[in-house]
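So the structure is just underneath, and the comments pick up after that.
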Amino acid sequence: MERVAVIDFETTGMSPEHGARATEIGIVILEGGVVVDRYQSLMKSGARIPSFIEELTGITNAMLRQAPPAAQVMREAAEFVGEAPLIAHNASFDSRFWHAELERVGLSCQQPFACSMLVARRVFPSAPSHKLGTLIEYADLQVTGRFHRALADAEMTASLVARMCDELARTYGLRDVPHSLLRKIQATPRTRLAECVRSFRG
DNA sequence: TGCCAGGCCCTCTTTAGGGCCTT
């Protein structure tokens with residue numbers, strides 16, 4: 001696969017349209033199935049983290065008081081990602097925060113998102129669930145840190161993506177699984193995965 | 001005060017409802 005950026009946000013809630021803000025961002029650069037670079041930062045927006053999310057993530061309001069401003073972090077993150085296409089686990093969530101936080105600092109990154117959860121539903125249909133933690137265990141991948149911390153989740157999502165690409169390459173005899181094929185797979189019904197991949201090969 | 005998401009996917013479906021997944 002070409003150079004891609006795997007991204008994960010921790011936030012104060014589910015929806016930026018209803019006032020939720022990002023509290024931490026983690027990004028890893030994946031090249032040829034290998035993580036070659038990492039970016040991580042807490043970010044201070046002024047929004048308060050509900051106590052149950054403090055417990056979930058381990059990120060506290062006290063920690064955010066010491067964090068760099070969200071605007072500075074998002075500018076750094078956008079520069080770090082550059083033109084690379086993006087991947088996230090349940091990308092509909094992270095893409096909303098990516099665009100909302102960038103918009104606040106007058107930036108716009110329009111590269112496409114692929115969703116590792118949607119791809120996993122097709123590549124690993126028999127997994128007990130398609131939560132990130134369950135998939136890491138199911139695929140016998142290494143737990144690289146605490147779940148619900150941005151860099152650890154981004155890193156484990158990257159290893160899941162690499163594993164799924166290996167699985168697709170082996171099953172269908174592909175030399176490469178580009179980001180555009182992941183996008184095509186996630187938009188195809190599960191029962192038509194084989195047809196989708198073969199038509200991509202031409 | 002209490003509530004506020006959104007897209008995918010399955011099925012007892014398609015003029016719908018509810019679970020999954022992200023924090």
Side-chain angles (χ1 to χ4, degrees), chain A residues 4-28 40-64 67 70 73-74 77 86-104 112-139 141 143-161 163-164 181-196:
Chain A
V4 299
V6 183
I7 189 166
D8 185 76
F9 280 104
E10 305 306 317
T11 72
T12 64
M14 300 308 294
S15 174
E17 291 81 7
H18 289 261
R21 296 295 307 272
T23 58
E24 186 181 42
I25 186 170
I27 307 167
V28 301
Q40 177 274 335
S41 183
L42 294 169
M43 47 204 284
K44 180 170 59 182
S45 70
R48 184 165 181 81
I49 308 174
S51 58
F52 79 95
I53 295 181
E54 283 188 319
E55 288 183 26
L56 176 72
T57 64
I59 299 169
T60 65
N61 287 293
M63 289 163 68
L64 290 197
V73 173
M74 289 308 299
L86 291 155
I87 300 177
H89 198 71
N90 197 6
S92 70
F93 176 86
D94 292 282
S95 64
R96 291 203 310 275
F97 281 93
W98 176 245
H99 293 302
E101 293 290 350
L102 286 175
E103 190 175 341
R104 284 176 174 273
F113 267 85
C115 177
S116 56
M117 183 189 75
L118 295 179
V119 174
R121 283 179 176 169
R122 290 151 178 80
V123 175
F124 295 137
S126 301
S129 84
H130 295 89
K131 295 178 184 177
L132 180 60
T134 305
L135 287 164
I136 293 301
E137 184 178 357
Y138 178 78
L141 295 167
V143 176
T144 60
R146 174 178 174 150
F147 285 107
H148 297 299
R149 286 302 299 263
L151 186 61
D153 280 3
E155 192 126 18
M156 289 187 281
T157 298
S159 70
L160 173 64
V161 168
R163 175 63 58 83
M164 292 192 296
L181 177 54
L182 296 183
R183 295 256 303 166
K184 190 172 181 195
I185 287 170
Q186 73 184 38
T188 298
R190 188 180 70 194
T191 53
R192 299 180 68 179
L193 173 61
E195 187 182 330
C196 168

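In what follows, chains are A, B, ... by sequence order, proteins preceding strands, each numbered from 1.
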Considering only the [atom1] atoms, how many Å lie between [N] and [M], rounded to the nearest integer?
| N | M | atom1 | answer |
| --- | --- | --- | --- |
| B/dC12 | B/dG6 | P | 29 Å |
| B/dC20 | B/dT1 | C1' | 29 Å |
| B/dC4 | B/dC9 | C1' | 24 Å |
| B/dG19 | B/dT13 | C1' | 15 Å |
| B/dC3 | B/dT15 | P | 32 Å |

> Within the pair A/H130 and B/dC20, is there a side-chain N or O less than 4.0 Å away from OP1 or OP2?
Replying inline: no

> Just to confirm, is there a sub-4.0 Å distance from OP1 or OP2 of B/dA5 to any side-chain nitrogen or oxygen of A/S92?
Replying inline: no

Check every strand shown and say whether [X] touches a base, only sugar-phosphate, or nothing at a heavy-atom separation below 4.0 Å.
| X | value |
| --- | --- |
| A/S129 | sugar-phosphate |
| A/L118 | sugar-phosphate |
| A/M14 | base |
| A/L132 | sugar-phosphate |
| A/T12 | nothing |

Protein-nucleotide distance ([X], atom [atom1]; [N], atom [atom2]), rounded to Å:
| X | N | atom1 | atom2 | value |
| --- | --- | --- | --- | --- |
| A/K131 | B/dC8 | NZ | C1' | 17 Å |
| A/R121 | B/dC10 | CZ | P | 8 Å |
| A/H99 | B/dG7 | NE2 | C1' | 14 Å |
| A/R192 | B/dC10 | CZ | C1' | 17 Å |
| A/I136 | B/dT22 | CD1 | P | 11 Å |
| A/F97 | B/dA5 | CZ | P | 12 Å |
| A/Y138 | B/dC21 | OH | P | 14 Å |
| A/D94 | B/dT23 | CG | P | 7 Å |

Looking only at side-chain atoms of [X], point me to the closest of [options].
| X | options | result |
| --- | --- | --- |
| A/R96 | B/dC8, B/dG6, B/dC10 | B/dG6 |
| A/N90 | B/dT22, B/dC8, B/dT23 | B/dT22 |
| A/R122 | B/dG6, B/dT23, B/dC8 | B/dC8 |
| A/H18 | B/dG6, B/dC4, B/dC9 | B/dC4 |

>> Pairing donors with acceptors under 3.5 angstrom, does anything connect the side chains of A/T134 and A/S129?
In response: yes

> In terms of heavy-atom contacts, does NZ of A/K131 have more than 12 from other residues, nucleotides or ligands at under 6.0 Å?
Replying inline: no

> Is a side-chain N or O of A/D153 found less than 3.5 angstrom from the main chain of A/H148, in a donor-acceptor match?
Replying inline: yes

>> Go nucleotide by nucleotide along DNA chain B from the 5' end; which of A/P189 and A/D153 gets its closest nucleotide reached first?
In response: A/P189

>> Let me spell it out: for each of A/H89 and A/E17, pick the nucleotide of DNA chain B with the closest heavy atom. Which residue's pick is nearer the 5' end?
In response: A/E17

>> Can you classify the ring geometry of A/W98 versus A/F9 as parallel (below 30°), tilted (30 to 60°) or perpendicular (above 60°)?
In response: tilted

>> In terms of relative ring orientation, are A/F113 and A/H99 parallel, tilted or perpendicular, with 30° and 60° separating the classes?
In response: perpendicular

>> If I compare all heavy atoms of A/H89 with all of A/L132, which pair ends up nearest, and what's the gap?
In response: NE2-N, 3.5 Å

